[in-house]
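Below is one structure, written out as structure tokens, with a few remarks after it.
Chain letters run A, B, ... following the sequence lines, proteins first and then strands; every chain starts at 1. FYI, side chains are in, hydrogens and waters are out, and symmetry mates aren't considered; it's all heavy atoms of this structure.
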2 protein chains.
Amino acid sequence: MTQVDQTEAKPRLGRKRDHTRDPEIMDAALDVLSESGYDGMTIDMVATRAKAGKATVYRRWSSKAELVLDAVACMKSSEIDLDDLPDTGTLRGDLVAMIRTPSIRDGERKLKVMAGIVSMIARSPELAAAAQEALVEPRATVNRIFFQRAIDRGEIPADVDVEKLCIIGPALVAYSVLMLGRPVDRDFLVENIDQVILPAAGIRTER
Amino acid sequence: MTQVDQTEAKPRLGRKRDHTRDPEIMDAALDVLSESGYDGMTIDMVATRAKAGKATVYRRWSSKAELVLDAVACMKSSEIDLDDLPDTGTLRGDLVAMIRTPSIRDGERKLKVMAGIVSMIARSPELAAAAQEALVEPRATVNRIFFQRAIDRGEIPADVDVEKLCIIGPALVAYSVLMLGRPVDRDFLVENIDQVILPAAGIRTER
DNA sequence: CATATACGGAACTAACGAGTTCCGGATACC
DNA sequence: GGTATCCGGAACTCGTTAGTTCCGTATATG
């Protein structure tokens, strides 16, 4: 037996019966995906990182593509609890508060995952849909709520193009990180709000 | 030791073309790259599309990575002729005119090439630099000129963040195409100018 | 025409990764 | 304790692709 001595290596966590390794494997897949991209990712990497065997992965997913699809789709699960949303009374306050809420902006890995699959998106409608729903839509949803509130309280004109406003923030962030390779810090995000988003929403900012 | 030019006539070609296939091969590489992404692209695809042999490709570039690097860098060559730049007298006029200038906005393939190499950018600083210079900088350069003109003629405040303004347009386009999978038409670009860029530049647009 | 050179294309090697199979051992449940 | 499962991991098959080598040919030059 080339294995570790089993009488001593036993205190390992109690093995669970069903297919409970799924979350760890998907999480490992997302890690590898964000670091190496879709094509650079191998099932061996994923299995190793999840301290699992390649066979275990294939017992659950029939192919690499399905694993990735499933893993991406599961990123959505970090749902937004509507009660967690800040409500500061002003649009700027809400937007600024949002960038301090980690559960909402946990974007670092999401962005890298996105980068790892962009080239696939044009070729796989299924993956595109999953990415759309898991990575793009949540951000837009939160923004939509803020802008609708601002409209309701008369803070911004009712005829603004909300969909476009929702896109500005994510677009600037994605472009900076993925295309320009610049890190995104809080100052950058606040600048985006004050210099771009609010003016586009019709709010004049003092300069 | 180091070769200085000796008989210039001797090392001359034996066939009609010395290495004149280079442009076709690089162009084919960009086509394949934009269609299949970096990992999906094979040297055989490139050679076939360029009606060349794989050996011909490797006679000129020592690896796939170098070919891609070179091809991306050469996209810059579609230089902007400063005399071609519209000068309409207003910032909006200039920006709108630009989206009608194909030589400047020939962005379709560039964007797809970008999509094909994003996942590599984080791992290859050289490729990142080449992409930056060939795909990102030209757009920003043109924008910078327009904004500087607008500042000079007092159309917009002198203390606007020009760098940020330059980024808005490309960011919105890239995000729409790559992340949302939406086609970009002229209306979308004009909307971006009127609803986002000009307000951010401090120009109040009638709504 | 003779020669040198670059080309297209095909055949080849070597490496790598997806997906499969098998087995010893650990676990839960009775 | 006995047993039916599930897991980790190693060893395997098989297709694909980067990169190489070789050869027949086209062409410019003299």
Side-chain angles (χ1 to χ4, degrees), chain A residues 1-26 28-29 32-33 35-71 116 119-120 123-124 127, chain B residues 6-26 28-29 32-33 35-71 116 119-120 124 127:
Chain A
M1 52 186 68
T2 63
Q3 293 281 61
V4 239
D5 187 338
Q6 74 278 23
T7 53
E8 198 262 328
K10 165 220 71 66
R12 200 69 188 112
L13 286 183
R15 179 155 320 190
K16 298 153 184 176
R17 258 173 145 232
D18 256 327
H19 271 143
T20 7
R21 300 304 316 277
D22 287 10
E24 286 110 304
I25 293 175
M26 285 196 287
V32 177
L33 198 57
E35 290 165 13
S36 309
Y38 182 87
D39 296 277
M41 157 183 161
T42 73
I43 300 294
D44 268 320
M45 287 185 200
V46 175
T48 302
R49 169 132 6 176
K51 294 189 179 67
K54 204 156 67 153
T56 306
V57 176
Y58 279 104
R59 272 180 207 116
R60 173 65 178 77
W61 292 276
S62 67
S63 72
K64 174 178 170 178
E66 283 199 16
L67 168 60
V68 169
L69 191 64
D70 216 11
S119 69
M120 303 289 301
R123 268 160 283 146
S124 165
L127 186 56
Chain B
Q6 63 277 41
T7 36
E8 183 62 63
K10 225 292 279 325
R12 204 55 191 135
L13 52 144
R15 195 177 173 173
K16 174 173 76 176
R17 31 203 195 253
D18 38 340
H19 269 145
T20 13
R21 300 306 314 279
D22 287 12
E24 286 110 304
I25 293 174
M26 286 195 288
V32 177
L33 197 58
E35 290 166 12
S36 309
Y38 182 88
D39 296 278
M41 157 182 162
T42 73
I43 301 293
D44 268 321
M45 287 184 199
V46 175
T48 302
R49 167 128 11 172
K51 293 191 180 65
K54 204 158 62 153
T56 306
V57 176
Y58 278 104
R59 272 180 208 116
R60 171 68 177 76
W61 293 276
S62 66
S63 73
K64 174 178 170 180
E66 283 199 17
L67 168 61
V68 169
L69 190 64
D70 217 11
S119 68
M120 303 289 301
S124 165
L127 186 56

Take atom [atom1] of [X] and atom [atom2] of [N], then tell me their distance rounded to the nearest Å.
{"X": "A:Ile25", "N": "D:dG8", "atom1": "CD1", "atom2": "C1'", "value": "11 Å"}
{"X": "A:Arg49", "N": "D:dG9", "atom1": "CZ", "atom2": "C1'", "value": "19 Å"}
{"X": "A:Lys51", "N": "C:dG25", "atom1": "NZ", "atom2": "C1'", "value": "19 Å"}
{"X": "A:Glu24", "N": "D:dC7", "atom1": "CD", "atom2": "P", "value": "11 Å"}
{"X": "A:Arg60", "N": "C:dT20", "atom1": "CZ", "atom2": "P", "value": "15 Å"}

D:dG8 OP1/OP2 closer than 4.0 Å to side-chain N/O of A:Thr56: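 The answer is yes; a side-chain N or O of A:Thr56 sits under 4.0 Å from OP1 or OP2.
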A:Asp22 side chain near A:Asp70 side chain, heavy-atom distance below 4.5 Å: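 Not in contact.
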Minimum heavy-atom distance A:Arg123-B:Gly37, with the two atoms named: NH2-N, 3.9 Å
Nearest non-hydrogen partners of A:Val46 and A:Ile25, listed with the distance: CG1-O, 3.7 Å
Sequence neighbours excluded, every pair satisfying side chain to side chain donor-acceptor pair (under 3.5 Å) that has a member inside residues 47-59 of chain B: B:Glu35-B:Arg49, B:Thr56-B:Arg59
Sugar-phosphate, base or nothing in reach of A:Thr42, heavy atoms under 4.0 Å: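 The residue A:Thr42 makes sugar-phosphate contact but no base contact.
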Sugar-phosphate, base or nothing in reach of A:Met45, heavy atoms under 4.0 Å: nothing
Every protein N/O lying under 3.5 Å from an N/O of nucleotides 19-22 of chain D:
| residue | atom | partner | partner atom | Å |
| --- | --- | --- | --- | --- |
| D:dG19 | OP2 | B:Tyr58 | OH | 3.2 |
| D:dG19 | OP2 | B:Lys64 | N | 2.9 |
| D:dG19 | N7 | B:Lys54 | NZ | 2.9 |
| D:dG19 | O6 | B:Lys54 | NZ | 2.5 |

Separation of B:Ser119 OG from A:Met41 CE (nearest 0.5 Å):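 OG of B:Ser119 is found 13.0 Å from CE of A:Met41.
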Nearest-0.5 Å distance that lies between atom OH in A:Tyr38 and atom CG in B:Asp39: 11.0 Å
